[in-house]
Amino acid sequence: MYGIILDSLMDCIKQKYGEQVWKRAIGPCGISNSLFTAHKIYHEELVPNLAKAVAETTGKTFESIMEAAGEHFITYITNIKNDTVTRVLGRRFTDFLNGLNCMHDYYRFSFTEIQPPSFHVSNEDSKGLELHYRSRRTFPGYVYYVKGLLHKIARKFYSIDLNVVVTQHGFSGDVMLAVLRLNFPNEEYLSFRKIIMDNRNFREANNLIMPSNMAFDLFPYHLVFNGSTGLGIDVIYKGLEGRRLNEAFFMTRPLGYELTWENVSMTSYRRHSTNMTATHFVKLRGQMLYVEEMDYVIFLSTVMNDDLNNMYEMGLFVNDLPYHDLSRDMVLHQPQQSSEYKLALDMEQTKATRLEDTIENLISEQRKTDDLIYSMIPKEVACSLKEGGPTDSVCTKYDEVTVLFSDVVNFANICKHIAPHEIMITLNMMVSVFDILCEKYNTYKVETVADGFMCVSGAPTYDDRHARNMADMAIQMLRGIETVRDPNTREPIQIRIGLHCGGVIACVLGHKIPQYCLFGDTVHIASKLEATGSGQRIQISQTCMEKLSECSDYEIEPKGVVKIKGKRSIMTYWLNGRNKAADGTYPAPPIPSCSRNKKIDVKQISHSEIEKTNLDFDGDEVIMIENKEHAVTPKDQVSNKKHGICNKSQSKPE
C-alpha cells in the first residue's frame with residue numbers, strides 16, 4: 001500500500017470529520033505522525049484499520065467510511081495535479097472502465113512495486129453494465145472503496161448519476177472476486193453498436209478484405225487460437241504452432257482467470273486487454289479480439305521489455321520489433337528515461353525521509369512543550385488558549401471547592417542560619433513531596449511563593465470528594481514534612497495548614513507569562529486559617545468540618561473562634577487525622593539521619609548534593625532519602641533515584 005492512498009484517506013477524514021477524529025483514529029493504529037510519503041510502501045491493513053477506528057469514533061458504518069475515502073481519492077489526485085491520465089482514459093464511461101488496467105500500467109512507472117487490481121466489463125446494455133473487479137488485497141472493504149471511486153468518476157467526468165450494486169463477492173485462492181452492477185442511462189451503447197454494425201455491412205458490401213498475411217506481417221507478435229503464430233513470436237519461442245495454448249502460456253490479466261476458451265470468448269464483439277507470459281518468462285501485452293466470421297480469437301500483442309539486457313537474454317533484437325509503430329523508439333529511450341526518473345524518485349524519497357524525521361522531532365518537542373504548559377496551567381485551560389481563545393474566555397465559577405494553604409513555621413529565622421543554596425534545596429525537597437501528594441489525591445497546585453504553598457481540590461475538574469481528598473492530602477503533608485530537616489539544627493521542619501470549603505472564581509491572568517489564579521472569600525479564609533494555625537496542625541473551617549463529618553472517618557476537635565478581617569468571626573476546628581476504624585491507615589515514614597550540608601560551589605550542587613537527594617513514594621508514604629552511606633539501609637537503596645529533586649537551572653542561589 002503506497003503512501004498516496006493513506007495521505008488521501010487522512011485528507012478525507014480531516015475534511016469530513018475534523019482534526020480531532022483523525023487524532024483519535026491514529027492512536028489504536030500505531031501511527032506516530034500524520035505524514036505519509038507518496039512513494040513509500042506501508043502495511044496493507046492500515047487503510048481498513050483507520051476506517052474501522054473512524055467508524056467507531058463517529059458512529060458511521062465502516063462501508064460508508066471506505067466509500068467516502070474512495071470518492072475523496074479522485075478529488076485528492078485532482079488537487080495534486082495527478083489526474084491527467086484519468087481525464088483522457090475514455091470517451092465513454094464504458095471505455096474508461098475498459099481502460100482502467102492501462103491506467104494502472106501507466107502508474108507502474110511511478111510506483112514500481114504496485115500490485116494493481118484488474119477490471120473488465122461484461123453484459124453491457126442500455127441500462128448499464130457489469131464490472132468484474134479482482135484484487136490480491138483480500139480485505140472485503142476495498143470493494144466499497146471502488147464503489148466510491150466509480151461514483152466520483154461517473155459524476156465528475158461523465159455527468160452520470162450512477163447506482164452501484166455488489167451482486168457477487170467471494171474469493172478464489174489469494175484473489176478477491178467481486179461483480180458490480182452499474183446502473184445508469186447508457187444511451188451511447190445502442191448508437192455505438194449501430195456504428196459497429198454499419199461498418200461491418202460496409203466492408204461486406206464493398207468487399208473490403210485485407211489478406212491475412214498482410215495483417216499478420218503488421219503484427220508480428222500475434223497468436224491465433226486454432227491457427228498460427230506471428231514471426232516475432234516464432235523468433236523468441238519456437239515450436240508453438242499446434243500446441244495447446246495453456247501448455248505454453250498463462251494469463252496474468254484479468255486476475256483469477258484460467259486460460260480457457262470459455263474465459264477468453266465470454267463476450268462477443270468485446271475487446272479484452274490482457275497480459276500473457278510464456279513459460280520462459282517472455283511477457284506479452286495486447287488485446288484479444290474474437291473474429292466471428294472465422295470463429296477464432298486473435299491476440300495482437302507487443303513484447304513487454306524492462307531493459308535492453310532482457311532483450312539480449314531473450315534473443316530479441318531491435319530490428320525484430322515493428323517499424324510502423326513506436327516500439328523501437330520506446331525500447332531505445334526507456335532506459336535513459338527510467339534512469340532519470342529513478343534518480344528523481346530517489347531524491348524525492350530522500351527528502352521525504354528527512355521531512356518525516358523532522359516532523360517526528362517536531363512532534364516530540366511539541367509533546368515536551370505541552371507537558372511543560374500543562375504543568376503550569378490546567379490542561380483544559382491550556383487547550384482553550386492554544387485554540388486562540390482570549391484569557392478572559394476561560395474565567396470559570398466553581399460553587400464548591402476546597403482550598404489549602406500551608407507555610408513553614410519560623411521560615412525567616414531558619415533562613416538566617418543557612419546558605420542560599422541550602423534554602424533552595426530544602427524548599428525543593430518540601431515542594432517535591434507536596435507535588436507527589438497533589439498527583440495522588442487529584443488536587444491542583446495553584447502556586448508556590450517562597451515557603452507558601454496553595455492548592456485546590458474540585459477545580460479545574462470537579463470532584464464531589466474534594467473535601468476528603470484535601471483532608472487526606474493535608475494529613476500526609478504533615479507526615480511527609482517530617483523527612484525534611486532544618487540544615488542548621490537537623491530538626492524536622494514544621495508547617496501549618498489551613499482548609500476551607502466554598503466557591504471561587506478561577507481565571508488566567510496575563511499574556512506574557514499567563515498564570516492560573518483563584519479569587520474569592522474562600523481563598524482569603526483558607527489563608528487566614530493557615531496564618532492563625534499552629535505548627536504541625538491542620539486548622540479547618542466550619543463548612544469544611546461539616547463536609548468531613550458526613551463520612552465520620554476523621555478525628556476533629558473544636559479549636560475556637562477566628563476573626564476574619566472584613567468578615568464576621570468563624571468557628572474553627574483542628575483536623576487531627578483519620579479514625580483508627582476508618583479505611584486506610586498512614587504508617588509513619590522513616591526519618592533518615594543525615595548530616596548538615598557543607599558549603600560547596602554552586603555549580604557543583606546538581607552533581608553532588610542534589611543527585612544524592614531522592615524521593616520515594618511507597619503506598620501511602622512519602623519518604624525523602626539522602627543517599628549517604630551511614631544513613632541509607634539496603635532496603636532504602638532500592639527506591640533511590642526514582643525522582644529528581646531539582647535540575648541545573650534551579651541550582652542558582654537567590
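Atom set for the values below is all heavy atoms of this structure, side chains included, hydrogens, waters and symmetry mates excluded.
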With no hydrogens and no angle check, just 3.5 Å: does a side-chain donor-acceptor pair link N361 and E365?
no
Atom CD1 of I26 and atom CG of L6: how far apart are they, to the nearest 0.5 Å?
12.0 Å
Any donor-acceptor pair under 3.5 Å linking the side-chain atoms of Y554 with those of D472?
yes
Could you grab the distance from atom OG1 of T426 to atom CG of D451, nearest 0.5 Å is fine?
11.5 Å
Does the side chain of Y573 come under 3.5 Å of the side chain of Q542 through a donor N or O and an acceptor N or O?
yes
Identify the residue among L548, I497, T402, L404 that makes a side-chain contact (heavy atoms from CB on, under 4.5 Å) with I540.
L548
Verify whether one side chain among R537 and N576 offers a donor that lies under 3.5 Å from an acceptor in the other.
yes
Please lay out, stage by stage, how R137 and E44 fare under the test salt bridge (charged side-chain N to carboxylate O under 4.0 Å, His left out).
CA-CA 8 Å; R137 293 192 178 100; E44 293 285 344; 2.7 Å; yes
Residue pair M424 / P420, side-chain heavy-atom distance below 4.5 Å
no
May I ask you to check whether H500 and S541 show a side-chain donor-acceptor distance below 3.5 Å?
yes
Looking at Y42 versus Y2, is the centre-to-centre ring distance below 6.0 Å?
no
The test is ring pair (Phe, Tyr, Trp, His ring centres under 6.0 Å); show your working for F405 and F453 and say whether it passes.
CA-CA 6 Å; F405 274 89; F453 183 85; 9.5 Å; no
So do V446 and V403 actually touch side chain to side chain, heavy atoms under 4.5 Å?
no
Report yes if the side chains of W22 and M10 come closer than 4.5 Å at any heavy-atom pair, otherwise no.
yes
Kindly indicate whether the side chain of F73, heavy atoms from C-beta on, has any atom under 4.5 Å from the side chain of K152.
no
Do K547 and E400 sit within salt-bridge range, that is, some charged N less than 4.0 Å from a carboxylate O?
yes
Look at K416 together with E422 and state whether they make a salt bridge at an N to O cut-off of under 4.0 Å.
no
Between NZ of K559 and CG of L575, what distance do you get to the nearest 0.5 Å?
14.0 Å
Do C455 and F434 have side-chain heavy atoms sitting under 4.5 Å apart?
no
What I'd like to find out is whether the side chain of L518 reaches to under 4.5 Å of the side chain of I505, using heavy atoms alone.
no
Do H151 and V164 touch side chain to side chain, with heavy atoms closer than 4.5 Å?
yes
Do Y144 and F62 pass the ring pair (Phe, Tyr, Trp, His ring centres under 6.0 Å) test, and can you show the C-alpha distance, the side-chain angles, and the key distance before you say yes or no?
CA-CA 9 Å; Y144 302 98; F62 168 77; 7.4 Å; no
